[in-house]
A.B. asks: 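Could you have a look at this structure, given as structure tokens, before my questions?
Numbers restart at 1 for each chain; the letters A, B, ... are given by sequence-line order, proteins then strands. Predicted, not measured: the structure shown is a model, and the values here were computed from it.
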Protein chains: 2
Amino acid sequence: MAFRNPFEPRQVTSRRGGPVKQPLSLEAIVGAALDLLTREGLKEMSLRKVAAALDTGAASLYVYVEDLQELRSLVFDRALAAVDTKTDPKQHWRGKLRGLLESYLSALTRSPGIAQIALSTIAAGPNGLRFFEALLGVLEEAGVDQPTAAWACDLIPLYITAIAAEQANRDADPHPPGALQRMVESLSQAEYPRVYAARNDLVSGDPEDRFKWALEVLLKGILETPRTAGPGPRRSPSRSR
Amino acid sequence: MAFRNPFEPRQVTSRRGGPVKQPLSLEAIVGAALDLLTREGLKEMSLRKVAAALDTGAASLYVYVEDLQELRSLVFDRALAAVDTKTDPKQHWRGKLRGLLESYLSALTRSPGIAQIALSTIAAGPNGLRFFEALLGVLEEAGVDQPTAAWACDLIPLYITAIAAEQANRDADPHPPGALQRMVESLSQAEYPRVYAARNDLVSGDPEDRFKWALEVLLKGILETPRTAGPGPRRSPSRSR
DNA sequence: ACCTGAACACCGTTCAAGT
DNA sequence: ACCTGAACACCGTTCAAGT
């Protein structure tokens, strides 16, 4: 029952919890943008709509953000906040790696469109760095030498991002159900015999099985393809370059 | 010196070669679009600009094309026409594979933006199929069983596309020279010790070396990770699924 | 310093009207 | 059947003007 000065700054929070009305802030902008992205997709995450969600005009956002591209980068890093980099020290490195990468994939999958942003941004925000740090840690534990691990740090997320982007695009643009089906049916056996023969395998398979298989491929490949010449993936005090 | 009826349909070609003025046609539209895409990038390949290049209005294109998305798919397949699927039969399969994939990469690299389209399209045009056919052929020669080869057909181009998309995005959006540099310099050694230690390796390396290394990784991984249970990559008459 | 409305130069897509 | 201009409902970004 205390008195309230109605001219107090707006960052008052109500007794019922939650801010009554957020003042403009980078935090609020990125939050509203990620919200829009998650619910409506990349195209709907426009400066105008983000501004509208915050009860203001698009021009107001330019105080906090250079341009749309920068907002996208910020939103991307915010989305990576969901990546769980804590690993159970008792686990084998293989389990840690799978857990880490599955968490990364699911962060990219949660919001359709986040993966498209990922492909056009260098993930240099705090959450991106936190993820790289964890990934380098696991690779080190796996005995991958540093130069190889550094490149793997590029290759692995790139592949995961591509998977997520492909899925998101397929979902966003629902090819009329069975467009793929029709394609497969109209496939010319004479012109493309091998594609024809493999047509069922090409579209089959639980996405999760495919993902697991692909990780296995990357892992085996990385472990056996060190950048530094040598007999194998044994940890060695290789100097960089 | 023959007479010409000025009311003749427009698909007249001049003696000097080349059409004087192309009539509207799907062919002409896709050609003009790919041209714009190559010279100006994905964002500039708008229906309005394609139409302008053909001396007409955007509305006219809708006779030939469902919407922008469809035009993009068509442009993508047209770009894949540059992929060379002829392989020297005397070559070892490894060489054929490298050649094929390098040709694919360079088709995607030639036009900035084509890779972005690739990620949002199922490549079911004739040139896409031709490429898959060739890829399946080489994988078969390498002794990869069919179910594994089918998934590899997804994984390999996906990865190549992601590389190309990343490069294109970096070029299109020139982060002020040295944005990465500054990022690396301001990197907190305390918070991200492993990233800090690997910072030079993370950004170093000729793109071509990285690409070759990545292909090697994928290849070794695929050869040693058959979907069908078994001792190794030996070809086996596994029935699909 | 922060916010705003209006303006500018664009988009994709639709539609009635022309040939 | 093909093409067109005009209109509709959007964009990102800038800018002068307000507080």
A.B. asks: Could you pull out all residues at least two apart from Arg98(B) that satisfy salt bridge (charged side-chain N to carboxylate O under 4.0 Å, His left out)?
C.D. replies: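 For Arg98(B), the residues satisfying salt bridge (charged side-chain N to carboxylate O under 4.0 Å, His left out) (neighbours in sequence not counted) are Glu216(B).
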
A.B. asks: Provide, to the nearest angstrom, the distance between the CG atom belonging to Leu54(B) and the C1' atom belonging to dC3(D).
C.D. replies: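 In whole Å, dC3(D) C1' lies 13 Å from Leu54(B) CG.
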
A.B. asks: When the distance from CG of Asp55(A) to P of dC3(C) is rounded to whole Å, what number comes out?
C.D. replies: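 Value for this atom pair: 13 Å.
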
A.B. asks: Wobble G-U and Watson-Crick pairs count when both distances are under 3.5 Å; given that, what is the 5' to 3' dot-bracket string of DNA chain D, with | for pairing to other strands?
C.D. replies: ||.|||||...|||||.||

A.B. asks: For the side chain of Leu68(A), starting at C-beta, report the closest nucleotide among dC3(C), dT13(C), dT13(D).
C.D. replies: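 Out of dC3(C), dT13(C), dT13(D), the nucleotide with an atom closest to Leu68(A)'s side chain is dT13(D).
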
A.B. asks: Is any side-chain nitrogen or oxygen of Lys49(B) closer than 4.0 Å to OP1 or OP2 of dC10(C)?
C.D. replies: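 So the side chain of Lys49(B) is outside the cut-off, no N or O lying under 4.0 Å from OP1 or OP2 of dC10(C).
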
A.B. asks: Output all residues satisfying side-chain contact (heavy atoms from CB on, under 4.5 Å) with Ala214(A), sequence neighbours left out; order by chain, then residue number.
C.D. replies: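 Ala214(A): side-chain contact (heavy atoms from CB on, under 4.5 Å) contacts with Tyr159(A), Leu155(B).
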
A.B. asks: With a 3.5 Å cut-off and sequence neighbours excluded, list the donor-acceptor pairs that the side chains of residues 60-67 of chain B form with protein atoms.
C.D. replies:
unit_1   : atom_1 : unit_2   : atom_2 : d
Ser60(B) : OG     : Thr56(B) : OG1    : 2.8
Ser60(B) : OG     : Gly57(B) : O      : 3.4
Tyr64(B) : OH     : Leu24(B) : O      : 3.3
Asp67(B) : OD1    : Gln69(B) : N      : 3.3
Asp67(B) : OD1    : Glu70(B) : N      : 3.0

A.B. asks: Between Tyr64(B) and dC3(D), is there a contact of a side-chain N or O with OP1 or OP2 at under 4.0 Å?
C.D. replies: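 Tyr64(B) to dC3(D) OP1/OP2: side-chain N or O found under 4.0 Å.
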
A.B. asks: Answer yes or no: is there a side-chain heavy-atom contact under 4.5 Å between Asp154(B) and Leu202(A)?
C.D. replies: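 Not touching, per the 4.5 Å side-chain cut-off.
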
A.B. asks: Return the set of residues passing salt bridge (charged side-chain N to carboxylate O under 4.0 Å, His left out) with Arg110(A) (not counting sequence neighbours), or none when no residue passes.
C.D. replies: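 Arg110(A) satisfies salt bridge (charged side-chain N to carboxylate O under 4.0 Å, His left out) with no other residue.
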
A.B. asks: Give every residue pair that meets the ring-ring contact (aromatic ring centres under 6.0 Å, His included) criterion with at least one member in residues 183-210 of chain A, sequence neighbours excluded.
C.D. replies: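 ring-ring contact (aromatic ring centres under 6.0 Å, His included) check on residues 183-210 of chain A returns no pairs.
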
A.B. asks: Atom CD1 of Ile29(B) and atom C1' of dC3(D): how far apart are they, to the nearest Å?
C.D. replies: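 Roughly 11 Å, once rounded to whole Å.
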
A.B. asks: Among all residues two or more places apart in sequence or in another chain, which pass the salt bridge (charged side-chain N to carboxylate O under 4.0 Å, His left out) test with Arg39(B)?
C.D. replies: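 With neighbours one apart ignored, the set is Asp35(B).
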
A.B. asks: Please enumerate all residues that pass salt bridge (charged side-chain N to carboxylate O under 4.0 Å, His left out) together with Lys43(B), with sequence neighbours excluded.
C.D. replies: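 Lys43(B) satisfies salt bridge (charged side-chain N to carboxylate O under 4.0 Å, His left out) with no residue once adjacent residues are dropped.
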
A.B. asks: Distance check needed: dT4(D) C1' versus Leu61(B) CG, whole Å only.
C.D. replies: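 Distance, rounded to whole Å: 12 Å.
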
A.B. asks: Leu26(A) CG to dC3(C) P: how many Å, rounded?
C.D. replies: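 Rounding to the nearest Å, CG of Leu26(A) and P of dC3(C) are 12 Å apart.
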
A.B. asks: Provide the full list of side-chain hydrogen bond (donor to acceptor under 3.5 Å, both in side chains) pairs with a residue in residues 129-139 of chain A, sequence neighbours left out, each pair given once.
C.D. replies: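 Residue pairs with at least one partner in residues 129-139 of chain A: Thr85(A)-Arg130(A), Asn127(A)-Arg130(A).
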
A.B. asks: For a quick check, with a 4.0 angstrom heavy-atom cut-off, what is the B/S/- contact string for nucleotides 14-19 of chain D, read 5' to 3'?
C.D. replies: BB----

A.B. asks: Any side-chain N or O of Ser60(B) less than 4.0 Å from the OP1 or OP2 oxygen of dT4(D)?
C.D. replies: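 Answer is yes, contact under 4.0 Å.
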
A.B. asks: Could you tell me the separation between the CG atom of Leu71(B) and the P atom of dC11(C), rounded to a whole number of Å?
C.D. replies: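 The distance from CG of Leu71(B) to P of dC11(C) comes to 14 Å, rounded to the nearest Å.
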
A.B. asks: Scan residues 38-48 of chain A against DNA chain D and write down, sorted by residue number, each residue with any heavy atom closer than 4.0 Å; if none is found, say none.
C.D. replies: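 Those residues are Ser46(A), Leu47(A), Arg48(A).
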
A.B. asks: Taking all non-hydrogen atoms of both residues into account, name the closest pair between Ala165(A) and Ala115(A) and its distance.
C.D. replies: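 Minimum heavy-atom contact is N-CB, 3.4 Å.
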
A.B. asks: If the condition is ring pair (Phe, Tyr, Trp, His ring centres under 6.0 Å), which residues does Phe131(A) pass it with, not counting sequence neighbours?
C.D. replies: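 Tyr104(A).
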
